[in-house]
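Encoded as structure tokens, the structure appears first; notes follow it.
Predicted, not measured: the structure shown is a model, and the values here were computed from it. Chain letters run A, B, ... following the sequence lines, proteins first, then strands; residues in each count from 1.
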Number of protein chains: 2
Amino acid sequence: MSEPTDPRLRLRVVFGDGRMVGPGKADLLELIRDTGSISAAGRAMRMSYKRAWSLVEEMNAAFREPLVARTRGGAQGGGAALTAAGEAVLSHYRAIEAAAAEAGAPDIAAIRGMLRDISDGK
Amino acid sequence: MSEPTDPRLRLRVVFGDGRMVGPGKADLLELIRDTGSISAAGRAMRMSYKRAWSLVEEMNAAFREPLVARTRGGAQGGGAALTAAGEAVLSHYRAIEAAAAEAGAPDIAAIRGMLRDISDGK
DNA sequence: GGTCGTTATGTTTCGCGAAACATATGGACC
DNA sequence: GGTCCATATGTTTCGCGAAACATAACGACC
């Protein structure tokens with residue numbers, strides 16, 4: 001239900017030193033961009049604020065320039081937004097996803113075709 | 001040390017129903033092919049026999065035809081080998097990896113270039 | 001200066017997958 | 001029939017990341 005019916009390929013880009021970017025970070029970036037808030041983004045993906053916050057910390061620490069700019073206090077309490085670097089990383093990640101899905105499509109289909117049909121009457 | 005210094009892209013192919021193929025299963029298949037044994041393959045990747053065995057169970061259950069053929073007893077106690085289906089799934093998975101790495105290379109490099117240099121004197 | 005909502009961070013509790021441990025079974029071979 | 005080694009499974013223990021809980025700080029606005 002909340003699970004998208006047909007996610008095909010999940011991929012993470014792994015650099016040394018435990019630094020990596022995967023679906024979780026990408027979705028978080030996207031939601032921060034859309035909501036303007038770390039906590040709202042976290043809520044949207046049913047993730048605790050703390051976890052969302054620590055992912056942001058990780059990303060900001062991993063890159064030369066922070067991906068997420070945060071402001072504290074103010075009328076609305078504060079907020080967060082993607083920096084140009086954040087936008088760039090997100091869009092590159094989506095591009096990798098798209099390119100990989102397309103490039104791998106034939107072989108994915110081949111494996112898919114070998115799966116047992118489970119039209120279970122559950 | 002046992003970690004390859006520069007793993008680039010880790011990907012898993014996700015089908016519905018919790019069925020998926022990722023780096024772990026692929027490596028396991030490969031090692032079973034090379035060693036002729038589930039337990040030897042498990043040892044090679046520092047994985048308990050039980051875990052290796054249950055991954056094999058999973059895979060054999062997920063596909064129409066088993067990917068791993070096992071024999072029990074005998075002079076050497078038994079063994080395991082890849083079926084044609086197993087060889088096929090493995091080779092398709094490697095093909096997806098290769099295609100994805102190539103197709104995503106430019107964007108991967110772009111993100112890589114934005115990383116902070118961590119020439120830490122640790 | 002009180003309100004408000006968000007960011008910021010520390011501490012504690014907890015669930016669950018993984019590991020560890022324990023056995024049983026099969027069968028070729030001598 | 002005993003040996004050997006790998007497959008086959010069940011049971012228990014355990015570590016660790018995640019969640020839960022708890023506060024503090026910030027600052028525009030009224």
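For DNA chain D, no neighbouring residue in residues 83-90 of chain B is found when judged by any heavy atom under 4.0 Å. Contacts with DNA chain C (heavy atom under 4.0 Å) in residues 31-42 of chain A: A:Ser37, A:Ile38, A:Ser39, listed by number. Contacts between residues 63-78 of chain B and DNA chain C, defined by a heavy-atom separation under 4.0 Å, are made by B:Arg72, B:Gly73, B:Gly74, B:Ala75, B:Gly77.
Position along DNA chain D of the nearest nucleotide to A:Arg51 versus B:Lys50 favours B:Lys50 as the more 5'-ward residue.
The closest donor-acceptor contact from the side chain of B:Arg8 to the backbone of A:Phe15 lies at 3.5 Å or more, if one exists at all.
In this view, B:Glu58 and B:Lys25 satisfy the side chain to side chain donor-acceptor pair (under 3.5 Å) rule, not counting sequence neighbours. Listed by chain and number, the residues in a salt bridge (Lys or Arg N to Asp or Glu O under 4.0 Å) with A:Asp34 amount to none (sequence neighbours excluded). Not counting sequence neighbours, the partners of B:Arg19 by the salt bridge (Lys or Arg N to Asp or Glu O under 4.0 Å) test are B:Asp17. B:Arg12 pairs by the salt bridge (Lys or Arg N to Asp or Glu O under 4.0 Å) definition with nothing, not counting sequence neighbours. Residues that satisfy the salt bridge (Lys or Arg N to Asp or Glu O under 4.0 Å) test with B:Glu65, not counting sequence neighbours, are absent from this structure.
B:Glu30 has a carboxylate O that lies under 4.0 Å from a charged side-chain N of B:Arg94, or vice versa, which qualifies the two as a salt bridge.
Side-chain contact check for B:Phe63 versus A:Arg116: every heavy-atom pair is 4.5 Å or farther apart.
Chain A approaches DNA chain D over the interval D:dA18 to D:dC29, counting the first and last nucleotide 5' to 3' with an atom under 4.0 Å from its heavy atoms.
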Using distance only, find each side-chain donor-acceptor pair of residues 99-110 of chain A under 3.5 Å and give its atom names and separation, not counting sequence neighbours.
residue, atom, partner, partner atom, Å
A:Asp107, OD1, B:His92, ND1, 2.6

Could you give the side-chain donor-acceptor pairs of residues 77-85 of chain B under 3.5 Å, partners two or more places apart or in another chain?
residue, atom, partner, partner atom, Å
B:Thr83, OG1, B:Pro66, O, 2.7
B:Thr83, OG1, B:Leu67, O, 3.2
B:Thr83, OG1, B:Ala85, N, 3.3
B:Thr83, OG1, B:Gly86, N, 3.0

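Going from atom CZ of A:Arg43 over to atom C1' of C:dT6 covers 9 Å, rounded to whole Å.
Counted within 6.0 Å of CD on B:Glu87, heavy atoms from surrounding residues, nucleotides or ligands total more than 12; the atom is thus considered enclosed.
When every heavy atom of A:Ala52 is checked against every heavy atom of A:Gly42, the shortest pair comes out as CB-CA, 4.2 Å.
Judged as a side-chain hydrogen bond (donor to acceptor under 3.5 Å, both in side chains), the pairs with a partner in residues 47-57 of chain B (not counting sequence neighbours) are, in order, B:Glu57-B:Arg70.
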